S.K.: 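Dropping the structure in here first, questions after.
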Amino acid sequence: MQVLSSYDQLRAYRQALPPGHTLGFVPTMGALHAGHAQLVAEARAQNTAVLVSIFVNPTQFGPTEDLSRYPRTPEADLALLEQLGADAVYTPTPEDLYPPQGQLHISLTHTSRLLEGASRPGHFDGVALVVTKLINQTHPTRLYLGQKDFQQTVVLRQLVHEAFLPVEVVVVPTVREPDGLARSSRNRYLSPAERTAAPQLYRALSSAGQQAQPGLASAAIVQAFAASLALEPAFRLDYAEVVSGFTCQPLAALTPEDRPVLVAAAYLGTTRLLDNLPLLTHTVG
Ligand code: AMP
């Protein structure tokens, strides 16, 4: 596996790829876990070459968020990627992506202002900026994203569509711990007691999801979710909503043609957990 620690090295790698190659690209912020591994495995199965980036992107963090304490585990990340059969890992410096005096900013509207965008103003602007730059630097055939960050997949699909970025977006199902907790780099912030409480988020999604039927009011699902989450008093709900699986816009009722998804974010102490559950999957195939 090649470690490309500058844009120059990435360019050289890119230019040396053989004619007819396909390149699967997995952007990450490191502190890799089984969720990232699943993205790499999909990319490995579908492409002749696999490139993973590790970059803790400052522009997607708010001023009071966890940029400086975001977990960084470079040696373990490289060992895992080697084991997974990635061909190359790109570890740019901030200057490789953000030149001094940079003037480029992306300001997204609509979907990116809802839910995560409402709780984290500017978050998706930063995600869109770094992903646009990374796609332009790496020229991948396919871009691999996790369902875990459902709204991000909607925002980035729309970005790719609107900005005519020549890449195919592939969304990979959420990888969970055996107790249901979605794998996340931020899970390591949880205290032992919080870790014990954490699976209630997915249990609450699942129990609300069991009540889903075509035509049911979304409010009934959200209420069922909130009641189940409240069984674990350590949780503080940020938001829960039933949204369209295509646009992430709120749905008043569970209309199968909109592929409804129950999305939620909740705090355990200072750690914010994010999860979602596609609803009515048995009725929409
Ligand atoms: P991050 O390093 O948190 O920015 O995540 C990099 C990519 O991995 C994003 O596309 C995430 O949605 C994806 N990802 C993170 N956690 C999981 C998970 N538990 N299952 C599947 N994909 C995930």
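Keep in mind that what you see is a predicted model, and the values were worked out from it rather than measured. Numbering of ligands and ligand atoms starts at 1, following listing order.
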S.K.: Quick one: which of V261, L262, L145 gives a side-chain contact (heavy atoms from CB on, under 4.5 Å) with F150?
M.R.: V261
S.K.: Looking at atom 6 (C) of ligand 1, what's its closest protein heavy atom, distance included?
M.R.: P27 O, 3.4 Å
S.K.: In the protein, which heavy atom is nearest to atom 12 (O) of ligand 1, and how far is it?
M.R.: D149 OD2, 2.6 Å
S.K.: With a 3.5 Å distance limit and no angle check, can you tell me whether R188 reaches the backbone of P71 through a side-chain donor-acceptor pair?
M.R.: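 Not confirmed, R188 side chain does not pair with P71 backbone.
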S.K.: Near R183, which atoms of ligand 1 are under 4.0 Å from a heavy atom of that residue?
M.R.: 16 (N), 17 (C), 18 (C), 19 (N)
S.K.: Against P260, only a single residue in V242, T281, L277 fulfils side-chain contact (heavy atoms from CB on, under 4.5 Å); can you say which?
M.R.: V242
S.K.: Tell me, please, whether Y189 has R69 positioned over its six-membered ring: NZ or CZ under 6.0 Å from the ring centre and within 45 degrees of its axis?
M.R.: yes
S.K.: Identify which of V130, V175, L145 has a heavy atom lying nearest to atom 20 (N) of ligand 1.
M.R.: V175
S.K.: Under 4.0 Å, heavy-atom basis, I'd like to know which part of L39 is in contact with ligand 1: side chain, backbone, both or neither.
M.R.: side chain
S.K.: Would you check if there is a donor-acceptor pair between the side chains of Y239 and S119 at a distance under 3.5 Å?
M.R.: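 Y239 and S119 do not have a side-chain donor-acceptor pair below 3.5 Å.
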S.K.: Please write down residue, atom name and distance for the protein heavy atom closest to atom 23 (C) of ligand 1.
M.R.: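 Here the closest protein heavy atom is K148 CB, 4.0 Å.
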S.K.: Would R176 count as a contact of ligand 1 if the rule is a heavy atom under 4.0 Å away?
M.R.: no
S.K.: Please write down residue, atom name and distance for the protein heavy atom closest to atom 4 (O) of ligand 1.
M.R.: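 The closest one turns out to be M29 CG, 3.6 Å.
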S.K.: Please state which option from G30, G35, A34, S184 has its nearest heavy atom closest to atom 18 (C) of ligand 1.
M.R.: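 Of the listed residues, G35 has the closest heavy atom.
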S.K.: Regarding ligand 1, does V172 bring an N or O atom to under 3.5 Å of one of the ligand's N or O atoms?
M.R.: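 No: no nitrogen or oxygen of V172 is under 3.5 Å from one in ligand 1.
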S.K.: Measure the distance from atom 21 (C) of ligand 1 to every protein heavy atom, then report the residue, atom name and distance (to 0.1 Å) of the closest one.
M.R.: P173 O, 3.6 Å
S.K.: Within the 4.0 Å heavy-atom shell around T28, which atoms of ligand 1 are there?
M.R.: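 So the answer, numbered in order with elements, is 2 (O), 6 (C).
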S.K.: What residue and atom, counting heavy atoms only, is the protein's closest point to atom 10 (O) of ligand 1, and at what distance?
M.R.: G146 N, 3.0 Å
S.K.: side-chain hydrogen bond (donor to acceptor under 3.5 Å, both in side chains) with Y144: which of E168, E42, Q46?
M.R.: Q46
S.K.: Does this structure show an ion pair linking D238 with R120, if we count only N-O contacts that are shorter than 4.0 Å?
M.R.: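 R120 and D238: not salt-bridged.
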S.K.: Checking a contact table here: which protein heavy atom is nearest atom 1 (P) of ligand 1, and how many Å away?
M.R.: H36 NE2, 3.7 Å
S.K.: Do Y70 and N57 meet the criterion of a side-chain donor-acceptor pair at a distance under 3.5 Å?
M.R.: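 No, no side-chain donor-acceptor contact under 3.5 Å.
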S.K.: Under the salt bridge (charged side-chain N to carboxylate O under 4.0 Å, His left out) rule, what do D66 and R272 come out as? Steps first, then yes or no, please.
M.R.: CA-CA 11 Å; D66 56 347; R272 193 161 169 281; over 6 Å; no
S.K.: D125 side chain to S107 main-chain N or O, any donor-acceptor pair under 3.5 Å?
M.R.: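 No; zero donor-acceptor contacts below 3.5 Å.
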S.K.: Using a 4.0 Å heavy-atom cut-off, say whether Q147 meets ligand 1 through its side chain, its backbone, both or neither.
M.R.: neither
